[in-house]
Protein chains: 2
Amino acid sequence: MAEDKKYQDASLPLPPDVEESLCRCGGIAGLTGQLPGDDLLKRESALFRALADPLRLKILAMLAVQPLCVCVIKAVLGIADSKLSYHLSVLKKMGLIAGEAQGNWIIYRLTADGTAWTRQVIGDAGSRKNR
Amino acid sequence: MAEDKKYQDASLPLPPDVEESLCRCGGIAGLTGQLPGDDLLKRESALFRALADPLRLKILAMLAVQPLCVCVIKAVLGIADSKLSYHLSVLKKMGLIAGEAQGNWIIYRLTADGTAWTRQVIGDAGSRKNR
DNA sequence: TTTTCATTTCAGATTCTTTTGAAATATCGA
DNA sequence: TCGATATTTCAAAAGAATCTGAAATGAAAA
């Protein structure tokens, strides 16, 4: 709080070409103004965090082939129930998958968002054989 | 090791529609075969991990506007040198940005990969004013 | 109703990531 | 050469994500 600087380049020495183009976009303040808001960045980074795990990507790839119940996913991955449940909850909380109860089972499928992101990751490897 | 099951659906009871479509794609084994390899999944999840932080996304957004030296990035973000350096190193290690020394400064810019991913994140908000 | 089965939840342990402040490096200008 | 400046590196601390096994839930079959 002691010293508020002018948002001009006066205060910090820069390499010439950076200084020039920084001026053209309105200095530090101008640059700052062009950036996405913190809340958007937070949401997007949260999305990426959900995708930042090989097991979860594999689950998405599986569900790109077809909707599946937990027990099949488990059979493919070969991991403990609670571990799988944890990863499913991460994907679900992020809106990438949704589960629908059917009798004793819960059948998970990709949401629209989940489908879009899964394509980003694995191309459409999954849809070759299946459709 | 005690009991190797056949990779057929015989062993696990399933909801009818899952069972049917699972059969059509070759059962557990067929499904497994369609999935991306573990090494690919590992690489891709690592990429997402680099994107899974709001500060790092903001850095990418800044560099989408123009190449910048560390001190400008620091002025915009208002964080400690070492903290910024850490995040830059994460992005650099993942090949999203590259730094080139120029005199006393290091000027970072997006790589081709970095540009592509940054577009995914923020659209091309950055390129409006700048080009 | 009791049992069984598929799945989730929970608490604690573990591991990975991020932050912090101090010290190191390296380049420039005097 | 010296001192200043920009940036990185390091080790320790703090924080967040993940894993584990046991217990809880809730629907269906007996």
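FYI, side chains are in, hydrogens and waters are out, and symmetry mates aren't considered; it's all heavy atoms of this structure. Below, chain A is the first sequence line, B the second, and so on; all start at residue 1.
As a whole-Å value, the separation of B:Leu88 CG from D:dT8 C1' is 10 Å. Note: CD1 (A:Ile106) to C1' (D:dA28) measures 14 Å, nearest angstrom. Rounded to an integer number of Å, the gap from CG of B:Asp81 to P of D:dT5 is 13 Å. For the pair A:Asp53 CG and D:dT18 P, the computed distance is 6 Å after rounding to whole Å. Computed from coordinates, the B:Lys42 NZ to C:dC16 P distance equals 11 Å when rounded to whole Å. B:Ile79 has its CD1 atom 13 Å from the P atom of C:dG21, to the nearest Å. Taking atom NZ on B:Lys83 and atom P on D:dG15, their separation rounds to 12 Å, with Å as the unit. For the pair B:Leu14 CG and D:dA28 P, the interatomic distance rounds to 16 Å; values are reported in whole Å.
Of the two residues near DNA chain C, A:Asn104 and A:Ser82, the one whose nearest nucleotide lies more 5' is A:Asn104.
Side-chain atoms of B:Leu55 and B:Lys83, non-hydrogen and from C-beta on, do get closer than 4.5 Å to each other.
Out of D:dT18, C:dT19, C:dT18, the shortest distance to the side chain of A:Tyr86 is found at D:dT18. When the nucleotides C:dT8, D:dT7, C:dT7 are ranked by their closest atom to the side chain of A:Trp105, C:dT7 comes out on top. Among the nucleotides C:dT8, D:dT7, D:dT18, the one closest to the side chain of A:Ser85 is C:dT8. For B:Val70, the side-chain atoms get nearest to D:dT7 when compared with the rest of D:dT7, C:dT7, D:dA6.
Side-chain N/O atoms of B:His87 include one lying less than 4.0 angstrom from OP1 or OP2 on C:dT19.
Connection of A:Ile97 to A:Val90 is not established within any shared hydrophobic cluster, with ILVMFWY side chains joined at heavy-atom distances below 4.5 Å, either directly or through further cluster members. Under the 4.5 Å side-chain heavy-atom criterion for ILVMFWY residues, no single connected hydrophobic cluster contains both B:Met94 and B:Tyr86.
At a non-hydrogen distance threshold of 4.0 Å, B:Arg49 from residues 45-52 of chain B come into contact with DNA chain C.
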